Trainee: 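Just passing along the structure, written as structure tokens.
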Amino acid sequence: MSRRPLIVDCDPGQDDAVALLLAFAAPEEFDLLGITAVAGNVPLALTESNARRIRDLGGRPEVPVYAGCPRPMVREPVTAERIHGATGIDGADLPEPVRPAEAAHAVDFLVETLLSAPEPVTLATLGPLTNVALAIVKNPAVLANLHEIVAMGGAIGTGNVTASAEFNIFADPHAAHVVFEAGAPLTMIGLDVTHQAIATPPRLEAIRALGTAPAAAVCGMLDLYGAKNMAAYHHGAPLHDPCVIAWLLQPDLFEGREMRVDIDIADGPCFGRTVCDVRGRSGRPANARVLERLDADGFFALLTERLARLPAGA
């Protein structure tokens, strides 16, 4: 089986960190061309350095990391330290990264890589879509060499940052509008799915029992992340971003369907909402595969098994 060319665009964030480790643990499935960082859960200076810390933890020093956009396209920046802590990966306790970020801007890397890749590339997006949208705006020819975009973002139902909006879309809805209107094959993994991926105490203990440095970092992050989410979810934190990598590795864990998704970019209570035409009332063609259900036990079995493959570390 040939490896899937993959770029991960992210804003680490504890759940981004877990998603990156899951991607690093799949060298036979993914040809990981690079990681691009964007401002989101915390400012860009932290997201790009966090990506490099996680790269070291995952034992993949050869994977380049590119710093991207420090703010959304139009709106004022929003961050989520309330959930992810001041560093974005509180609880991991990781040393300074060994290798610096690459000199090129993430948007330039995306454009140049997509234009020159010998086969179509998959983009896994775990944060606001600013980098991806600006790559499309800068050179729309990149769309011809996109195999698909798999995006964590949005919701069919209610939001998690406002009554209507999920954080990644709310943080840059204008970028999301560009991406969802671009015509590239798109899979949306929203809160309806990720709220089924709950890191309950027994699931965390199975990871902790691995006894490795990556497992300890994951549990350290999720202990804090879970505590911050406990008031809302009672029995653990939802692992949003790892669902993207899990879908690419094992799509039979998920169920979904094609539908029309529009991004609300008008000021008001629905700003940043993904308007999902579940029943086809608009008569407009579908532009996304929207996932709706997850085999949570299978998801955590996959995550635990893959984390066990990473270098044990100190």
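The model shown is predicted, which means the values in this text are computed figures rather than measured ones.
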Trainee: Could you point out which residue of Leu186, Val8, Asp9, Leu110 forms a side chain to side chain contact (heavy atoms under 4.5 Å, CB included) with Leu123?
Mentor: Leu110

Trainee: Looking at side-chain heavy atoms only, is the closest gap between Val244 and Thr187 below 4.5 Å?
Mentor: no

Trainee: Do Val150 and Leu191 share a hydrophobic cluster, counting only Ile, Leu, Val, Met, Phe, Trp and Tyr and linking them when any side-chain heavy atoms are less than 4.5 Å apart?
Mentor: yes

Trainee: Is Glu96 salt-bridged to Arg53, cutoff N-O under 4.0 Å?
Mentor: yes

Trainee: Has the side chain of Arg306 got a donor or acceptor atom that lies under 3.5 Å from a matching backbone atom of Ala25?
Mentor: yes

Trainee: Kindly give the heavy-atom pair with the smallest separation between His84 and Gly13, and that separation in Å.
Mentor: ND1-CA, 3.5 Å

Trainee: Is there a donor-acceptor pair closer than 3.5 Å between any side-chain N or O of Gln196 and the backbone N or O of Leu294?
Mentor: yes

Trainee: To the nearest 0.5 Å, what is the distance between CE on Met221 and CD on Gln14?
Mentor: 6.5 Å

Trainee: Does Leu126 share a hydrophobic cluster with Val121, counting links as ILVMFWY side-chain heavy atoms below 4.5 Å and allowing steps through other members?
Mentor: no

Trainee: When you check the gap from the basic side-chain N to the acidic O, do Arg71 and Asp172 get nearer than 4.0 Å?
Mentor: no

Trainee: Show, in sequence, the C-alpha distance, side-chain angles and deciding distance for Arg284 and Asp277, and conclude whether the side chain to side chain contact (heavy atoms under 4.5 Å, CB included) test is met.
Mentor: CA-CA 9 Å; Arg284 302 176 70 194; Asp277 189 8; 5.8 Å; no

Trainee: Should Glu81 and Leu46 be marked as a side chain to side chain contact (heavy atoms under 4.5 Å, CB included) after you check the CA-CA gap, both sets of side-chain angles, and the distance that decides it?
Mentor: CA-CA 11 Å; Glu81 289 91 347; Leu46 289 171; 5.7 Å; no

Trainee: Quick check: do Asp108 and Lys138 have side-chain heavy atoms less than 4.5 Å from each other?
Mentor: yes

Trainee: Rounded to the nearest 0.5 Å, how far does CZ of Arg4 lie from CD of Glu148?
Mentor: 5.0 Å

Trainee: Using atom types as modelled and distance alone, determine if a side-chain donor or acceptor of Arg52 lies under 3.5 Å from a backbone N or O of Val65.
Mentor: no

Trainee: Going by distance alone, is a donor N or O of one side chain under 3.5 Å from an acceptor N or O of the other, for Asp11 and Thr47?
Mentor: no

Trainee: Check Arg203 with Glu205, please: is the shortest side-chain N to carboxylate O separation under 4.0 Å?
Mentor: no

Trainee: Hydrophobic clusters here meaning ILVMFWY residues chained together by side-chain heavy-atom distances under 4.5 Å, can you tell me if Val275 and Met259 are in one?
Mentor: no

Trainee: Any idea which heavy atoms bring Ile263 and Pro173 closest together, and the distance?
Mentor: CG2-O, 3.5 Å

Trainee: Would you check if the side chain of Asp90 reaches a backbone N or O of Leu224 as a donor-acceptor pair within less than 3.5 Å?
Mentor: no

Trainee: With a 4.0 Å cut-off on N to O distance, would you call Arg99 and Asp56 a salt bridge?
Mentor: no

Trainee: Spell out, yes or no, whether Leu239 and Leu248 are grouped together once hydrophobic residues are joined by side-chain heavy atoms under 4.5 Å, including indirect joins.
Mentor: yes

Trainee: Is there side-chain contact between Cys69 and Leu44, with heavy atoms separated by less than 4.5 Å?
Mentor: no

Trainee: Verify the cluster assignment for Val193 and Val261: are they in a single hydrophobic cluster under the rule of side-chain heavy atoms below 4.5 Å apart?
Mentor: no

Trainee: Start with the C-alpha gap between Glu292 and Asp192, add the side-chain angles, then the distance that decides, and say whether side chain to side chain contact (heavy atoms under 4.5 Å, CB included) holds.
Mentor: CA-CA 6 Å; Glu292 299 175 87; Asp192 313 274; 5.6 Å; no

Trainee: Is the backbone N or O of Ala175 less than 3.5 Å from a side-chain atom of Thr130, with the two atoms forming a donor-acceptor pair by type?
Mentor: no

Trainee: Using side-chain heavy atoms (C-beta onward) and a distance below 4.5 Å, is Ile35 in contact with Phe24?
Mentor: yes

Trainee: Enter the distance from Met73:CE to Leu134:CG here, rounded to the nearest 0.5 Å.
Mentor: 5.0 Å

Trainee: Which atom names give the shortest non-hydrogen contact between Pro12 and Ala51, and what distance separates them?
Mentor: CG-N, 4.1 Å

Trainee: Let me see the working for Asn168 and Leu129 under side chain to side chain contact (heavy atoms under 4.5 Å, CB included), right down to the final yes or no.
Mentor: CA-CA 8 Å; Asn168 283 346; Leu129 289 163; over 6 Å; no

Trainee: Using modelled atom types and a 3.5 Å cut-off, is there a donor and acceptor pairing between side-chain atoms of Asn50 and backbone atoms of Thr87?
Mentor: yes

Trainee: Any idea which heavy atoms bring Pro214 and Leu21 closest together, and the distance?
Mentor: O-CD1, 4.4 Å

Trainee: Angle class for the Trp247/Phe254 ring planes (parallel below 30°, perpendicular above 60°, tilted otherwise)?
Mentor: perpendicular

Trainee: Got a second to check how far Asn139's CG is from Leu115's CG, nearest 0.5 Å?
Mentor: 5.0 Å

Trainee: If we ignore angles and hydrogens, is there a donor and acceptor under 3.5 Å between the side chains of Ser282 and Arg260?
Mentor: no

Trainee: Please check if the side chain of Arg75 supplies one atom and the backbone of Phe170 the other of a donor-acceptor pair under 3.5 Å.
Mentor: yes

Trainee: I'd like to know if the side chain of Asn160 and the backbone of Phe167 have a donor-acceptor N/O pair within less than 3.5 Å.
Mentor: yes

Trainee: From Ile245 CD1 over to Phe299 CZ, what is the distance, rounded to the nearest 0.5 angstrom?
Mentor: 10.0 Å

Trainee: Could you tell me if the side chain of Asn131 sits less than 4.5 Å from the side chain of Tyr66, heavy atoms only?
Mentor: no

Trainee: How far apart are the closest heavy atoms of Ala171 and Pro72, and which atoms are they?
Mentor: O-CG, 3.2 Å

Trainee: Would you say that His177 contacts Asp262 through its side chain, given a criterion of any heavy-atom pair below 4.5 Å between the two side chains?
Mentor: no

Trainee: Report yes if some heavy atom in the side chain of Glu29 is under 4.5 Å from a heavy atom in the side chain of Leu249; otherwise report no.
Mentor: yes

Trainee: Restricting to non-hydrogen atoms, name the atom on Leu20 and the atom on Cys10 that form the minimum distance, rounded to 0.1 Å.
Mentor: CD1-SG, 4.1 Å

Trainee: Taking the side chain as C-beta and beyond, is there a heavy-atom pair between Thr79 and Pro43 under 4.5 Å?
Mentor: yes

Trainee: Would you say the side-chain atoms of Asp241 pair up with the backbone N or O of Val18, donor to acceptor, closer than 3.5 Å?
Mentor: no

Trainee: When you measure from the side chain of Glu102 to the backbone N and O of Ala104, does any donor-acceptor pair fall under 3.5 Å?
Mentor: no

Trainee: How many angstroms lie between CD1 in Ile265 and CD1 in Ile169, if you round to the nearest 0.5 Å?
Mentor: 12.5 Å

